[in-house]
Amino acid sequence: MKIKPASLPTRLPVATTAGDFIAEYTGQGLSGLSFPRRTGAKSDLAETKVPLPEIRRWHVLTTKAVKAALAGKPLPPLPPLDLARGSAFQQSVWRKLQQIAAGRTQSYGEVAAAIGRPKATRAVGTACGANPIPLLVPCHRVLAARGGLGGFTAGLDWKRLLLEREGSLP
DNA sequence: GGACGTTTCTATG
DNA sequence: CATAGAAACGTCC
C-alpha cells in the first residue's frame, strides 16, 4: 500500500525567539502560516511526521524568511505560495502586498487603488484579514490612512512589533 | 440584511 | 478646522 500524504496539508513548526509559528504546506507550496498563540509560546504539535523531501526544502526557506521578517529585514527567496483558496480579488490584493518592501507602508485605500479598485478599500481590509500567510505576505504593512494602525487578525501587538522592527512605526 | 482590520465626500457649525 | 452621516466593495454570518 502506497503512502499518500498529499491530501491533507503538512504542518510544521517554525521555531523562533518569539515562539513557534506553524507553517502549513500543500503539494503546491506554502499554504498557511500562523503566529504563536502568545509571544514566546511553543508549538503544541505533537505529531512529527516525516515530510516529503520537497516540503522539507520549502520549510528551510520558510524558516529563514520568518526569521528575517521578525528581524525587520528584507525577505530572502520564498518557497512557492499556495494561495489558490483565495478569490480572484483576494489574490490580487495579496500579490500587491508582496510588493511592499520592508520599511514601507501603504494605506488600505492605496492598496485598493493599486489593484484598480479605488472604492474597494474596505474590501481590502477584509482581504487582508483573510490572508493565510501573514508576515510573509506583509498585511501588517497596511495601515489606516490617517495614522491609524488598522487591525490585525493575529493581534495588534504583533502588528506594532513588526512595524517597529522595520522602522515604520511613527 | 448586517457587519467588518476603511476611505472619501458632503454637509454643518 | 471638527464632527456627523452616508455611500461604496467583497466576503462571511
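Below, chains carry the letters A, B, ... as their sequence lines are ordered, and counting in each starts from 1.
By the ring pair (Phe, Tyr, Trp, His ring centres under 6.0 Å) test, A/Y108 is found to be paired with no residue, residues two or more places apart in sequence or in another chain being considered.
Taking hydrophobic clusters as Ile, Leu, Val, Met, Phe, Trp and Tyr residues chained together by side-chain heavy-atom distances below 4.5 Å, A/L78 does not share a cluster with A/V60.
Using a 4.0 Å heavy-atom distance criterion, A/G129 is classed as a base contact. Within 4.0 Å (heavy atoms only), A/I115 reaches no atom of the nucleic acid at all. Note on A/S107: only backbone sugar-phosphate atoms sit closer than 4.0 angstrom, heavy atoms only; bases stay farther off. When heavy atoms are screened at a 4.0 angstrom cut-off, A/F89 is found touching the sugar-phosphate backbone but no base atom.
Looking at A/I133 and A/L83, their side chains come closer than 4.5 Å, going by heavy atoms from C-beta outward.
Distance, A/K96 NZ to C/dG10 P: 17 Å, rounded to whole Å. Computed from coordinates, the A/R141 CZ to B/dT6 C1' distance equals 21 Å when rounded to whole Å. Going from atom NZ of A/K159 over to atom C1' of B/dG5 covers 6 Å, rounded to whole Å. Taking atom CD of residue A/Q106 and atom C1' of nucleotide B/dT7, one finds them 15 Å apart after rounding to whole Å. Rounded to a whole Å, the CZ atom of A/R146 is 17 Å from the C1' atom of B/dG5. The CD atom of A/E110 sits 15 Å away from the P atom of B/dT6 (whole-angstrom rounding).
Residue A/T121 places no side-chain atom within donor-acceptor reach of the base of B/dT7, judged by atom type and a 3.5 Å distance cut-off alone.
For C/dA4 and B/dG5, the C1' atoms lie 22 Å apart once the distance is rounded to whole Å.
Each of C/dC9, B/dC4, B/dG5 was ranked by its minimum atom distance to the side chain of A/T126; first place goes to B/dC4. Closest to the side chain of A/F152, from the set C/dA8, B/dG5, B/dT8, is B/dG5. Distances from the side chain of A/A123 to the nucleotides C/dT11, B/dG5, C/dG10 place C/dG10 closest.
Between A/A144 and A/R122, the residue whose closest nucleotide on DNA chain B is further toward the 5' end is A/R122.
The nucleotide B/dG5 finds no pairing partner, because no Watson-Crick or G-U wobble arrangement with both distances shorter than 3.5 Å includes it.
Residue A/S87 places at least one side-chain N or O closer than 4.0 Å to OP1 or OP2 of C/dT11. For C/dG10, one of the phosphate oxygens OP1 or OP2 lies less than 4.0 angstrom from a side-chain nitrogen or oxygen of A/R117.
In summary, the aromatic rings of A/W158 and A/F152 are positioned with their centroids too far apart to meet the 6.0 Å limit.
With A/R141 contributing its side chain and A/I100 its backbone, the two residues share a donor-acceptor pair below 3.5 Å.
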